[in-house]
Amino acid sequence: MADAKLAPNMPQWMIDHTNRYLSSGGTDGHMYTASFPNMLTLTVPSLLLTTTGRKSGRKYIFPLFYGKAGNSYFIVASKGGAPDHPGWYKNLLAHPEAEIMVGTQKLKVRARTASAAERGALWKQAVVFWPPYDDYQQKAADREIPIVVLDPPSIGRPERGGLR
């Protein structure tokens with residue numbers, strides 16, 4: 001993560017959160033307390049995802065809320081319900097090898113889009129830690145919001161490919 005930069009065009013709250021997370025070595029920021037207008041205050045687990053830019057080849061850091069599925073982590077490519085996928089998801093499509101920081105732990109992972117069989121259970125978990133995901137899916141209309149599974153090296157991986 002040392003050679004990575006904050007992703008461009010992040011809102012200020014995400015920049016502040018990421019800087020706090022990084023400057024504390026992960027001791028502050030892993031659990032993020034979100035209080036936005038017209039919403040309940042929620043405390044959500046967050047990780048820092050480092051991807052390789054699909055166009056630039058540069059490393060970028062994104063703060064994201066996450067869940068656990070066995071030894072893997074999962075994140076939701078919601079982009080707040082926008083009609084297009086977030087840039088970090090597009091980066092992972094091009095370069096599925098990534099790094100995450102979860103609290104003080106840093107891991108190399110391989111990203112893959114959750115299968116249809118996995119998605120239902122993971123989505124149910126996701127809306128428990130971040131209920132607005134259901135609203136985002138309604139807002140996204142025709143775009144099914146992908147769930148990305150981040151498998152650590154100990155998890156068996158397909159011989160080819162990553163995200164589908």
Side-chain angles (χ1 to χ4, degrees), residues 4 6-18 20-21 29-55 59-103 107 109-152 155 157-158 161-164:
L6 294 181
N9 305 317
M10 284 196 305
Q12 190 61 47
W13 72 268
M14 291 176 92
I15 293 169
D16 294 344
H17 172 71
T18 304
R20 189 173 75 244
Y21 207 124
H30 174 238
M31 296 305 291
Y32 180 77
T33 300
S35 46
F36 299 104
N38 303 318
M39 199 176 105
L40 295 173
T41 298
L42 298 170
T43 300
V44 188
S46 68
L47 58 73
L48 299 181
L49 171 70
T50 301
T51 66
T52 301
R54 64 197 175 282
K55 297 176 186 173
K59 301 242 184 224
Y60 292 107
I61 301 171
F62 300 85
L64 299 164
F65 302 145
Y66 77 90
K68 286 272 299 181
N71 291 327
S72 299
Y73 297 87
F74 70 91
I75 51 180
V76 180
S78 68
K79 197 177 178 182
D84 193 21
H85 297 310
W88 62 260
Y89 180 74
K90 293 175 185 178
N91 289 347
L92 290 173
L93 287 171
H95 304 283
E97 300 296 331
E99 295 174 43
I100 58 173
M101 182 173 183
V102 183
L107 298 166
V109 294
R110 182 168 181 84
R112 62 182 177 82
T113 301
S115 69
E118 294 173 297
R119 190 178 187 285
L122 295 177
W123 186 264
K124 285 179 184 174
Q125 279 185 255
V127 297
V128 168
F129 65 76
W130 191 250
Y133 284 142
D134 275 338
D135 294 333
Y136 298 167
Q137 184 58 77
Q138 287 180 7
K139 186 176 167 186
D142 294 335
R143 176 175 80 92
E144 181 177 77
I145 293 175
I147 295 178
V148 177
V149 179
L150 303 168
D151 292 322
I155 302 294
R157 296 186 179 152
L163 292 176
R164 316 178 274 298

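Along the sequence shown, the residues carry numbers beginning at 1.
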Please lay out, stage by stage, how Met14 and Leu6 fare under the test side-chain contact (heavy atoms from CB on, under 4.5 Å).
CA-CA 10 Å; Met14 291 176 92; Leu6 294 181; over 6 Å; no
Hey, mind stepping through Val76 and Trp130 against side-chain contact (heavy atoms from CB on, under 4.5 Å) and telling me if it holds?
CA-CA 10 Å; Val76 180; Trp130 191 250; over 6 Å; no
Stepwise, does the side-chain contact (heavy atoms from CB on, under 4.5 Å) test hold for Tyr66 with Leu49?
CA-CA 10 Å; Tyr66 77 90; Leu49 171 70; over 6 Å; no
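Annotation: the span from Asn9 atom CG to Ile15 atom CD1 amounts to 9.0 Å, rounded to 0.5 Å. Residue Glu144 holds its CD atom at 4.0 Å from CZ of Arg119, rounded to the nearest 0.5 Å. Atoms NZ and NZ, on Lys90 and Lys55 in that order, are 7.5 Å from each other to the nearest 0.5 Å. Atoms CD1 and CE, from Ile61 and Met10 in turn, are 8.0 Å apart once rounded to the nearest 0.5 Å. In this structure, OG1 in Thr51 is found 6.0 Å from CG in Leu92, a value given to the nearest 0.5 Å.
Ala140 approaches Ala82 most closely through the heavy-atom pair CB-O, 4.1 Å. Between Thr52 and Asn91, the shortest heavy-atom distance links the atoms O-CB, 3.4 Å. When all heavy atoms of Met31 and Pro45 are compared, the closest pair comes out as SD-CA, 3.7 Å. The two atoms that bring Leu150 and Ala111 nearest to each other are CD2-CB, 3.8 Å, heavy atoms only. Nearest heavy atom pair, residue Ala77 against residue Trp88, reads CA-CZ2, 3.5 Å. Of all non-hydrogen atoms in Lys79 and Asp84, the two that sit nearest each other are CD-O, 3.4 Å.
Side-chain atoms of Leu48 and Pro63, non-hydrogen and from C-beta on, do get closer than 4.5 Å to each other. Residues Thr113 and Glu118 are not in side-chain contact: their nearest non-hydrogen atoms beyond the backbone lie 4.5 Å or more apart. Contact annotation: the side chain of Phe74 approaches that of Gln125 to within less than 4.5 Å [non-hydrogen atoms, C-beta and beyond]. Using a 4.5 Å heavy-atom threshold, the side chains of Tyr32 and Trp13 count as touching.
Judged by distance alone, with hydrogens and angles left aside, the side-chain atoms of Ser46 form a donor-acceptor pair with the main-chain N or O of Gly29 at under 3.5 Å. In terms of modelled atom types and a separation under 3.5 Å, the side chain of Arg143 and the main chain of Ser78 share a donor-acceptor contact. Of the possible donor and acceptor atoms, one in the side chain of Arg54 sits under 3.5 Å from a partner among the backbone N and O of Gly87.
Ring geometry, Trp123 versus Tyr133: the interplanar angle falls from 30° to 60°, so the pair is classed tilted. Taking the six-membered ring where tryptophan is involved, the planes of Tyr21 and His30 are perpendicular, since the angle between them exceeds 60° and thus also 30°.
The only member of Leu122, Val149, Leu64 that meets side chain to side chain contact (heavy atoms under 4.5 Å, CB included) when paired with Ile75 is Leu64.
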